[in-house]
Amino acid sequence: MKTQPLWRSRLAATLCSCASLLAACGGGGSGGPDTPPPEVDVSSVTAQPSASGLSENWHDGVFMEIFVRAYQDSDGDGIGDFKGLTSRLSHLKALGISGIWLMPIHPSQDKDHGYAVTDYRSVAPEYGTLQDFQDFLAAAHEQGIGVIIDYVINHSAAEHPAFLQSKSAVGNGFRDWYLWQASQPSGWSIYGSNPWHYQATGYYFGGFWSQMPDFNLRNSSVIDWHHNNMRQWLNLGVDGFRFDAVGNLVENGPSSWEHQAENHTVMQGVQTLVHTYPQRFMVCEAPSLPQRYAQSDSCGSSFAFGYQYALTSAVKGNTTDLQKIADYWLTAPSGMAGFASNHDGFAGDRLADQFNGDLTRMKLAAATYLLQTPRPFIYYGEEIGMRGAQGLTGDPKLRTPMSWTSNSTHAGFSTVTPFRALAANAGTFNVAAQQDDADSLLNFYRSIIALRNQLPALQNGTYKNPTTSGAAMAFQRERDAQSVVVAFNYGTSTGHLTLTGLPASTDFEVLWPAASPHQTLQTTPDGTLSIDLPAQSLQLLKQQP
Ligand SMILES: [Ca+2]
Ligand SMILES: [Ca+2]
């Protein structure tokens, strides 16, 4: 597993290598010395909880992580937008998606990924209007799909009005919204850099980047303001949030800047707020200590960082990592969320690059995370086997326009040259090319998600009895009277598994691979089931009543 310092330094390096950010990397503008800093909207927002119309357990389904900028351009400026996103809901519905996570939709200083937020209460103008966003939200809800949005609680952009106020004078009313020292504190190193940055009125703390100053989250005014911002989005009908970098919220010193107890207090407060609204869901990013943040006294839900490295390694045949993924879900808190890749390079390349285009392994990896993990998040384009962008490296490589058509005109993403290079395999691996091909990766994702959606045991059932043998693994998922067995063989020769602890002399119907008539296997009188698996294959069985 990669270490945290490596991934964070890569993140910072990538941020400052973006052409669009070069000016900002130098310092960030705020007008001349005589220009008064802009006002900060600190108005309070009253909670107006209302039901969403979604099913109670919508967030036990499959999510899609979407970078709006890269999904679909509707107005010919080369940048994805809300109207484009709305026009592609039919693709997500056909795939069987229950929830969408949108990467930051707010105006940003970076004007790319969006994690340097300049206004928490409005939407990026290049994505459309607030009405366009609300139209998208309503259209998603009509399809039974929930929408959570990224919320960056740890830091703002250096160009955010609150920071412009804060840095303007030592006595400014927003001074204590951020972390200031008169002289540069010594002994600090975060991800290989000194997090204290010089500015004319003092040194401020920015753990990730000089242009992302950390909020002072010990200041109750800052917490109240974040809560008001969140209420605004929840009042609009947003179904919850994905919280960025929650391991970095509160610092206690040069060797106590990560995973401090105060982080959980902050997130428990947020969780209480979110759950005053019915059916809402939130999930946190804490890559180096994910399970702690899934506890109920913290975020309640957290991405299973670490699982995804072992997953791809296991699919390639590593038996040590196979044992890791078999055991992971025995002890992981129920709030964990599975995934195989995301928008950050430290989490791994796109799967098509990790498996060098090996379609069989891509299918095995997909079925594993979709059938083994709670609320799996697919990173957009994984369902069609998108590779990273041609000629790019780092995070931008992973954040390319979606490949919709074989059409040579920008893969159907836009009518003009997109903001970023297309995926290296856009010409052959796209939605149109796979739509009607029964053996395509896209139709495999659709079939596996449909199975998952049909079987409550696979959505939120107990994870039981993992068994491994060589490069093969099986596990049981159980809910109420429904028991499902899922078995994989990642090896290139025939595999065999003997499962114990099942109901005695009971029929299990083979649901995958589908066969007509259905094949049935029976357990022995002592509850043992023998499964033979062809090389690189999957079998899914359901207990018969
Ligand atoms: Ca556009
Ligand atoms: Ca912080």
Side-chain angles (χ1 to χ4, degrees), residues 4 8 11-12 66-88 105 107 111-112 114-117 123-129 132-133 135-136 151-158 160 162-163 166 176-181 185 188 190-191 193-197 203-219 222-223 226 243-267 270 284-289 293 401-402 404 410-420:
Q4 178 135 4
R8 283 302 185 191
L11 171 68
I66 292 180
F67 182 28
V68 178
R69 189 173 301 274
Y71 211 59
Q72 178 66 55
D73 174 24
S74 75
D75 59 357
D77 65 355
I79 294 172
D81 46 56
F82 296 129
K83 283 185 176 171
L85 184 53
T86 306
S87 75
R88 294 300 188 181
I105 60 170
K111 295 183 169 51
D112 188 340
Y115 288 97
V117 177
V123 295
E126 65 270 31
Y127 288 180
T129 64
D132 293 337
F133 173 71
D135 292 345
F136 159 70
Y151 192 95
V152 188
I153 194 169
N154 179 64
H155 54 261
S156 71
H160 190 283
F163 188 71
S166 184
D176 288 341
W177 277 43
Y178 296 86
L179 302 157
W180 291 95
Q181 294 289 332
W188 288 78
I190 297 184
Y191 315 128
S193 301
N194 190 325
W196 293 94
H197 309 283
Y203 286 85
Y204 66 93
F205 183 87
F208 291 106
W209 182 31
S210 66
Q211 296 306 297
M212 288 178 172
D214 279 46
F215 283 111
N216 174 12
L217 296 171
R218 295 181 201 277
N219 182 339
V222 175
I223 298 289
H226 274 311
F243 290 100
D244 187 60
V246 297
N248 299 61
L249 299 182
V250 176
E251 294 77 21
N252 284 310
S255 48
S256 317
W257 52 266
E258 197 178 24
H259 306 313
Q260 301 300 292
E262 294 88 340
N263 296 353
H264 304 299
T265 309
V266 170
M267 293 319 297
V270 168
C284 285
E285 181 213 28
S288 64
L289 197 62
Y293 291 83
M402 176 73 178
W404 294 107
H410 315 301
F413 167 75
S414 178
T415 55
V416 302
T417 303
F419 72 101
R420 178 166 289 148

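Counting starts at 1 for both ligands and their atoms, following the listed order. Residue indices begin at 1 and follow the sequence shown.
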Assert yes or no for the condition that the ring centre distance of [X] to [Y] is strictly below 6.0 Å.
| X | Y | value |
| --- | --- | --- |
| Phe133 | Tyr127 | no |
| Trp257 | Phe208 | no |
| Tyr293 | Phe243 | no |

For the Ca ion (ligand 1), what is the closest N, O or S atom on [X]?
| X | answer |
| --- | --- |
| Asp73 | OD1 |
| Asp75 | OD1 |
| Asp77 | OD1 |
| Asp81 | OD2 |

Would you say the Ca ion (ligand 1) has Ile79 as a near neighbour, meaning an N/O/S atom of that residue under 3.0 Å away? yes
Tell me, please, if Glu126 has any N/O/S atom, main chain or side chain, under 3.0 Å from the Ca ion (ligand 1)? no
Do side-chain atoms of [X] reach the backbone of [Y] as a donor and acceptor pair under 3.5 angstrom?
| X | Y | result |
| --- | --- | --- |
| Asp81 | Gly128 | no |
| His155 | Ile153 | no |
| Gln72 | Phe413 | yes |

With the Ca ion (ligand 2) at the centre, find the angle made by OD1 from Asn154 and O from Asn248, to 10°. 70°
For the ring pair (Phe, Tyr, Trp, His ring centres under 6.0 Å) test, which of Tyr178, Tyr204, Phe163, Phe205 pairs with Phe215? Tyr178
Among the N, O or S atoms of Glu251, the one nearest the Ca ion (ligand 2): OE2
Can you name the N/O/S atom of Asp214 that is nearest the Ca ion (ligand 2)? OD2
Would you say Val250 reaches the Ca ion (ligand 2) with an N/O/S atom under 3.0 Å? no
